[in-house]
Amino acid sequence: MTRVLIVDDEMLVRLSLKTLIPWSEHGFHIIGEARSGREALELLEKEPCHIVLTDIRMPDMDGLELISQVREKWPYTRCLILSNHNDFEYVQKALRLGAADYLLKLAWVPEELLEKCKRLQSEFRQEEEDLEEKSRAAFKLERLGREAKEKLLRDLLTKHTSKLEIASSMTELEFGFQPSRFRAAAVAIDRYERVLEEDRYQSEQLLSYTVANILNEMVRKNGGGEVVEVDNGRFALLSSALTEELLKQLQQVAETYAKVTLSFGVSREYGEMFELHRAFMEAEQALQKRFYRSGSAILYAEAAQQPATEGPARLGTATAGDWLKLFEARQTEALLPALSVWYSQWAQAEELPPAEVRDEWLHLLVLLNKTLETAGKDIYTVPAYLDQYPFEVIRNSETLAEIYQWFCGWLGQTMAYVKATAGARLRPEIQAVLDIIRKEYHTQLKVSDIARRVGFAENYLSVLFRKETGEKIVDTLTGVRMKKARELLLDPGLKIYEISEMVGYTDSNHFSKYFKKIEGVFPLEFRKMALGK
């Protein structure tokens with residue numbers, strides 16, 4: 001609605017202006033009426049409007065003074081003059097002061113006044129559209145500038161860049177920290193995958209946006225700096241005032257408002273822009289120590305600069321033989337204490353890169369798989385524990401403690417599963433189901449189709465299959481498909497979507513999602529690791 005204020009010292013004039021025109025039918029709203037310019041200003045302070053219909057001659061403050069002050073305080077407000085025949089000199093002054101138009105008070109016609117107001121209304125709407133368009137354009141430019149700046153900073157942080165390239169970047173963009181003295185921090189959302197599963201944010205993008213906003217706002221209030229999203233759940237923070245107090249404040253605010261906890265790896269202080277990459281890599285290396293901690297942490301690069309030691313015994317021939325004996329005995333009560341000692345040794349080896357420790361756990365898993373194969377099983381036929389699989393847990397868990405705790409539970413379940421199914425003879429109908437899966441995994445197999453072919457109701461077959469094998473039909477089918485997929489991925493000539501179709505998935509994204517759930521990496525990453533590329 002276009003808001004209108006009526007200003008005149010004569011009550012009858014105000015009354016006629018209000019009642020003789022159907023204002024609301026034409027998109028107008030009378031916000032009030034005033035008897036003088038002073039009263040009008042008081043009303044406008046409370047509720048600005050689009051059009052002021054004002055007399056010129058009034059007591060206390062006349063229309064000329066009112067127009068002058070309106071133009072100064074509310075430049076977008078239009079003033080329309082109501083004058084008498086002998087006020088022409090005043091009308092001229094009013095027009096020079098910026099009044100939009102005038103009307104003779106004693107000879108005014110409602111239709112004429114309405115048309116003048118509608119013309120002003122049209123101007124307002126056009127101005128609002130123009131302003132909105134300018135705002136949209138300005139927002140786009142700002143966003144493009146921000147995105148360009150973030151991309152440039154991301155490249156400077158994560159890639160080796162020449163001094164010439166960095167010098168060129170400095171001329172293009174302004175940064176919110178002092179290049180002569182800064183620290184880099186690698187920031188990570190703790191338990192990131194679990195936070196996503198909780199689905200409080202409905203989308204990964206919204207979660208990242210929320211955390212980035214918190215970081216930006218707090219950094220801006222504490223000396224300035226730059227925040228860049230590096231990867232999912234990970235950010236880089238650059239500041240000349242990166243104190244522990246600020247980092248703790250960031251942790252508190254993130255936990256209070258975003259319901260997430262943050263961990264930081266902090267570099268030493270640097271004094272040249274060409275050292276950005278080095279500073280960030282140092283911060284990333286410090287953050288890796290989170291693998292050996294529980295809960296959120298603030299870790300400094302100084303603490304990471306320690307001479308490397310050998311750490312616990314690697315799984316060499318002798319050690320591997322000891323583990324094989326334990327696995328073959330299938331005695332959980334003997335395995336768990338040995339695993340506890342092994343875990344404690346690794347937990348004290350903070351100077352070792354987490355990737356090396358993960359590899360040792362993967363080697364342990366391979367040894368266990370050898371003993372499972374002698375019982376006609378393998379890691380992939382063992383049911384999931386807490387809806388997770390060993391490769392996924394070892395490769396993706398954020399901390400060593402998470403790997404150990406999960407592994408203990410899974411190991412106990414696995415030993416019990418092997419004992420329960422050792423030497424067990426499957427019913428012919430269940431063996432028929434397994435034969436169908438092994439032969440037709442590459443087709444669009446459904447549980448309902450399998451049930452019909454073996455002569456059982458779907459629900460009954462599902463219960464019976466799980467009782468006999470310890471696993472769901474769909475999990476067995478997925479396991480067979482993934483085993484074949486791992487074999488096919490060793491052929492670099494096959495594309496991922498081709499492999500997806502060859503193992504029964506028409507949607508390659510769906511296939512990749514399941515593959516990562518079991519292996520802990522996407523198919524392309526698995527191929528690179530397997531082929532050593």
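Quick note: residue numbers are just sequence positions, from 1.
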The single option from [options] passing side-chain contact (heavy atoms from CB on, under 4.5 Å) against [X]:
X      : options                        : answer
Tyr389 : Ile394, Asp475, Val382         : Asp475
Ser267 : Arg183, Glu275, Arg278         : Arg183
Phe456 : Ile450, Val433, Leu464, Ile430 : Leu464
Gln431 : Val454, Leu426, Ile436         : Leu426

First locate atom [atom1] of [X], then atom [atom2] of [Y], and finally report the distance between them rounded to the nearest 0.5 Å.
X      : Y      : atom1 : atom2 : result
Ser296 : Gln252 : OG    : CD    : 10.0 Å
Lys377 : Asn369 : NZ    : CG    : 13.0 Å
Lys439 : Leu434 : NZ    : CG    : 11.5 Å
Ser294 : Gln405 : OG    : CD    : 7.0 Å
Thr332 : Leu326 : OG1   : CG    : 11.0 Å
Lys517 : Asn396 : NZ    : CG    : 11.0 Å

Close side-chain approach of [X] and [Y], heavy atoms under 4.5 Å:
X      : Y      : result
Tyr441 : Leu445 : no
Phe407 : Leu365 : yes
Trp346 : Leu352 : yes
Tyr505 : Thr478 : yes
Ile379 : Leu372 : yes
Phe327 : Lys370 : no
Lys472 : Phe465 : no
Leu386 : Val393 : no

Do you know the tightest heavy-atom contact between [X] and [Y]?
X      : Y      : result
Gln413 : Ala384 : NE2-O, 3.4 Å
Val503 : Ala485 : CG1-N, 3.9 Å
Val418 : Ala375 : CG1-CB, 4.1 Å
Asp190 : Arg290 : OD1-NH1, 2.9 Å
Ser239 : Leu242 : OG-N, 3.7 Å
Glu458 : Ser448 : OE1-CB, 3.4 Å

Could you walk me through whether Leu246 and Phe264 pass the side chain to side chain contact (heavy atoms under 4.5 Å, CB included) test, one step at a time? CA-CA 11 Å; Leu246 172 58; Phe264 298 89; over 6 Å; no
Kindly indicate, with the supporting measurements, whether the criterion side chain to side chain contact (heavy atoms under 4.5 Å, CB included) is fulfilled by Leu238 and Leu157. CA-CA 10 Å; Leu238 297 166; Leu157 289 165; 4.0 Å; yes
Kindly determine whether Trp342 and Leu364 satisfy side chain to side chain contact (heavy atoms under 4.5 Å, CB included), including the steps that lead there. CA-CA 11 Å; Trp342 201 59; Leu364 190 66; 3.5 Å; yes
So, the side chain of [X] versus the backbone of [Y]: is there a donor-acceptor pair under 3.5 Å, distance only?
X      : Y      : value
Arg395 : Leu362 : no
Gln288 : Ala355 : no
Glu471 : Arg466 : no
Glu525 : Phe522 : yes
Ser263 : Ala188 : no
Glu150 : Val228 : no
Gln251 : Leu262 : yes
Tyr270 : Leu276 : no

List the residues meeting side chain to side chain donor-acceptor pair (under 3.5 Å) with Asn232, not counting sequence neighbours, and say none if there are none.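 With neighbours one apart ignored, the set is Glu204.
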Which residues share a side chain to side chain donor-acceptor pair (under 3.5 Å) with Arg234, sequence neighbours left out: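 For Arg234 the side chain to side chain donor-acceptor pair (under 3.5 Å) partners, ignoring immediate neighbours, are Glu284.
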Full working for side chain to side chain contact (heavy atoms under 4.5 Å, CB included) between Gln249 and Lys221: CA-CA 11 Å; Gln249 284 180 7; Lys221 289 180 178 178; over 6 Å; no
Partner set under side-chain contact (heavy atoms from CB on, under 4.5 Å) for Arg293, not counting sequence neighbours: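 Checked Arg293 against side-chain contact (heavy atoms from CB on, under 4.5 Å); matches are Leu299, Glu350.
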Is the shortest distance from a Lys or Arg side-chain nitrogen in Arg453 or Asp449 to a carboxylate oxygen in the other one below 4.0 Å?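 Judged by the 4.0 Å cut-off on N to carboxylate O distance, Arg453 and Asp449 do not form a salt bridge.
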Would you call Arg220 and Glu217 a salt bridge, taking side-chain N to carboxylate O under 4.0 Å as the test?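 A salt bridge is present here (some side-chain N lies under 4.0 Å from a carboxylate O).
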Salt bridge (Lys or Arg N to Asp or Glu O under 4.0 Å): pairs with one or both residues in residues 479-490, sequence neighbours excluded: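 Those involving residues 479-490 are Lys484-Glu487, Arg486-Glu519.
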Suppose the criterion is salt bridge (Lys or Arg N to Asp or Glu O under 4.0 Å): which pairs have a residue in residues 402-427, not counting sequence neighbours?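 Every salt bridge (Lys or Arg N to Asp or Glu O under 4.0 Å) pair that includes a residue of residues 402-427, provided the two are not neighbours, is Arg194-Glu402, Arg427-Glu429.
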More than 12 heavy atoms of other groups within 6.0 Å of Glu245 CD: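 No, not enclosed.
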Are there over 12 heavy-atom neighbours, none belonging to Glu333, within less than 6.0 Å of that residue's CD?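 More than 12 heavy atoms, drawn from other residues, nucleotides or ligands, come within 6.0 Å of this atom.
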So, Tyr300 and Glu244: side-chain donor and acceptor under 3.5 Å apart, yes or no?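 Per modelled atom types, Tyr300 and Glu244 side chains form a pair under 3.5 Å.
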Could you check whether the rings of Phe515 and Phe511 sit parallel, tilted or perpendicular, using 30° and 60° as the cut-offs?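 The arrangement is tilted - the two ring planes meet at 30° to 60°.
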Only counting residues at least two apart or in another chain, list the ones meeting ring-ring contact (aromatic ring centres under 6.0 Å, His included) with Tyr343.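 Tyr343 satisfies ring-ring contact (aromatic ring centres under 6.0 Å, His included) with Tyr404 only.
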